[in-house]
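For ligands, and for the atoms within them, numbers begin at 1 and follow the listed sequence. All residue numbers refer to positions in the sequence shown, counting from 1.
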Amino acid sequence: MNWRTLKINKLKLVSIIYWLFLTYMIAAFIWWYVSLQKQNNEIAAIKFQTIQLSDPAIVAKTNTIQDFQLRKTKQFIGEGITFLLLFLLGAIYVYRSLLKQLRYADQQQNFMMAVTHELKTPIAISHLNLETLLKRDLDTTQQLKLLEATLNETKRLDSLSTNILLTSQLDMGQYEANKQEIDLSQIVRQSIKSFQERYPLRKCNTMVQDAVYIQGEPLLIQLLINNLLDNANKYAPISEAIHLNLQSNHNTIQLIVKDNGMGIPVDERAKIFEKFYRVGSENTRATKGTGLGLYLCKKITDFHSANIQLSSNQPIGSIFTVTFYI
Ligand code: ADP
């Protein structure tokens with residue numbers, strides 16, 4: 001039995017236990033109502049027996065007993081419905097939280113598998129490259145090629161560990177803010193340069209307005225741009241260019257990253273900014289990733305009181321727009 005089947009079975013078991021428990025509680029509730037109502041009728045019957053037929057106040061006494069019985073019935077129904085509603089609301093809330101927890105645990109498991117893989121691969125490649133450099137007598141060009149490949153792998157490791165570290169720091173509110181006036185145009189240009197060094201085969205069309213300044217944290221902004229560019233690179237065929245624009249309007253600044261990749265289905269759009277969330281299933285996914293990139297982008301834009309939005313590119317692809325307010 002594989003992990004996925006195990007997980008589905010666990011979900012089924014939890015759901016079955018939950019619904020059985022809920023049915024039992026509702027049945028017990030109804031049983032209590034029936035018992036109380038029966039008791040109410042019995043009390044009324046006993047009271048009726050105490051009235052003498054010859055009593056001149058028989059009508060008034062009968063009415064009092066009937067009124068009391070009716071009041072009690074209304075009280076049981078009113079309180080019963082209130083409790084039942086509160087109980088059902090609580091039950092729905094618990095069930096939804098439970099499903100959310102299970103989904104989160106599932107995503108966390110995927111994240112652990114992805115991180116293990118993402119960590120092991122660059123380490124293994126770097127190890128192999130360095131061993132080859134040590135043991136074999138290579139010419140300078142070959143040596144340079146291996147060193148360059150190793151350097152790229154260490155950059156991959158660096159960006160992965162930065163993503164993980166910053167996510168936990170921002171999550172725990174432990175990130176030391178160092179906001180200052182920064183030249184966004186310059187940071188964008190630097191990010192594009194380093195992106196093109198990492199992916200020389202990818203065409204990048206850029207339109208960067210000069211001297212666009214914001215109050216920001218340079219490291220976080222760099223990470224935001226890198227994550228958006230890396231995603232565009234990962235999820236679009238290498239033949240398609242990536243577009244990056246930076247423009248300042250009246251009181252907003254927009255940073256736009258467009259690609260002509262596979263795009264993101266409309267019903268997934270709200271979820272992709274969640275922690276560890278990745279579109280599709282672990283079995284069918286071909287791209288590497290941890291599901292942290294866009295979560296971090298959202299955190300970074302929140303940190304800058306900015307806004308990140310996803311829309312469709314035409315004919316296909318994604319457009320990520322970050323709006324800073326000045
Ligand atoms: P990952 O490490 O999986 O790339 P992200 O948080 O960066 O994690 O992205 C979450 C998911 O959103 C990705 O798994 C992918 O399915 C989808 N996604 C992100 N950017 C793009 C894009 N430019 N084109 C298509 N899908 C994307």
Side-chain angles (χ1 to χ4, degrees), residues 103-104 106-122 153 155-171 191-192 195 198-199 202-206 220-245 254-303 306-322:
R103 206 180 83 196
Y104 191 66
D106 177 31
Q107 284 171 2
Q108 215 161 6
Q109 170 77 17
N110 286 340
F111 169 72
M112 283 315 293
M113 291 194 305
V115 164
T116 314
H117 179 263
E118 295 272 288
L119 282 176
K120 282 189 84 139
T121 315
E153 293 304 323
K155 279 184 191 162
R156 233 174 97 184
L157 270 179
D158 184 43
S159 92
L160 177 69
S161 45
T162 311
N163 267 3
I164 296 173
L165 273 177
L166 271 177
T167 300
S168 66
Q169 281 177 344
L170 285 170
D171 272 353
S191 304
I192 296 168
F195 173 78
R198 274 181 288 142
Y199 306 104
R202 170 72 69 177
K203 194 166 181 318
C204 220
N205 293 332
T206 57
L220 294 186
I221 296 291
Q222 225 169 15
L223 204 67
L224 168 75
I225 304 167
N226 285 352
N227 277 331
L228 291 178
L229 284 176
D230 278 349
N231 274 354
N233 185 54
K234 257 196 306 194
Y235 300 106
I238 191 72
S239 53
E240 300 291 338
I242 291 172
H243 304 261
L244 190 150
N245 291 359
Q254 286 198 316
L255 174 78
I256 303 169
V257 178
K258 281 188 208 176
D259 67 64
N260 292 99
M262 56 176 83
I264 299 172
V266 177
D267 55 341
E268 299 276 1
R269 289 188 185 170
K271 297 185 212 148
I272 55 162
F273 293 102
E274 285 174 15
K275 199 173 183 178
F276 308 138
Y277 191 82
R278 306 193 71 210
V279 177
S281 92
E282 227 25 66
N283 300 338
T284 53
R285 237 188 320 262
T287 49
K288 296 175 196 149
T290 55
L292 276 186
L294 287 180
Y295 173 74
L296 203 52
C297 288
K298 177 84 182 75
K299 283 256 156 193
I300 295 172
T301 48
D302 286 349
F303 190 79
N307 174 31
I308 182 163
Q309 266 184 334
L310 163 66
S311 50
S312 303
N313 199 2
Q314 294 305 327
I316 50 163
S318 313
I319 305 177
F320 284 90
T321 307
V322 178

(request) Report yes or no: does Asp259 contribute a side-chain atom to a donor-acceptor pair with the main-chain N or O of Gly317 at less than 3.5 Å? (result) no

(message) When you measure from the side chain of Arg202 to the backbone of Glu240, do you find a donor-acceptor pair of N or O atoms at a distance under 3.5 Å?
(response) yes

(request) Hey, could you give me the OH/CG distance between Tyr277 and Leu294, rounded to the nearest 0.5 Å? (result) 12.0 Å

Show me which atoms of ligand 1 lie under 4.0 Å from any heavy atom of [X].
| X | result |
| --- | --- |
| Leu292 | 6 (O), 8 (O) |
| Gly293 | 5 (P), 6 (O), 7 (O) |
| Lys234 | 1 (P), 2 (O), 4 (O) |
| Ile272 | 12 (O) |
| Gly263 | 25 (C) |
| Arg278 | 1 (P), 3 (O), 14 (O) |
| Asp259 | 22 (C), 23 (N) |
| Tyr277 | 10 (C), 11 (C) |

(request) Could you tell me whether Leu294 and ligand 1 have an N or O pair separated by under 3.5 Å? (result) yes

(request) Please confirm whether Val279 comes within less than 3.5 Å of ligand 1 when only nitrogen or oxygen atoms on both sides are compared. (result) yes

(message) I'd like the name of whichever of Ile316, Asn231, Asn260 reaches closest to atom 19 (C) of ligand 1 through any heavy atom.
(response) Asn231

(message) I'd like the name of whichever of Ile264, Asn313, Ile242, Leu296 reaches closest to atom 18 (N) of ligand 1 through any heavy atom.
(response) Ile264

Does the side chain of [X] reach to within under 4.5 Å of the side chain of [Y], using non-hydrogen atoms?
| X | Y | value |
| --- | --- | --- |
| Leu170 | Tyr295 | no |
| Lys258 | Asn205 | no |
| Leu229 | Tyr199 | no |
| Thr321 | Asn307 | no |

(request) Please state whether Gly261 comes within less than 4.0 angstrom of ligand 1, counting heavy atoms only. (result) no

(message) Could you check whether atom CD of Glu268 has more than 12 heavy atoms from other residues, nucleotides or ligands sitting under 6.0 Å from it?
(response) yes

(request) Start with the C-alpha distance between Val257 and His243, add both sets of side-chain angles, then the distance that settles side-chain contact (heavy atoms from CB on, under 4.5 Å), and finish with yes or no. (result) CA-CA 6 Å; Val257 178; His243 304 261; over 6 Å; no

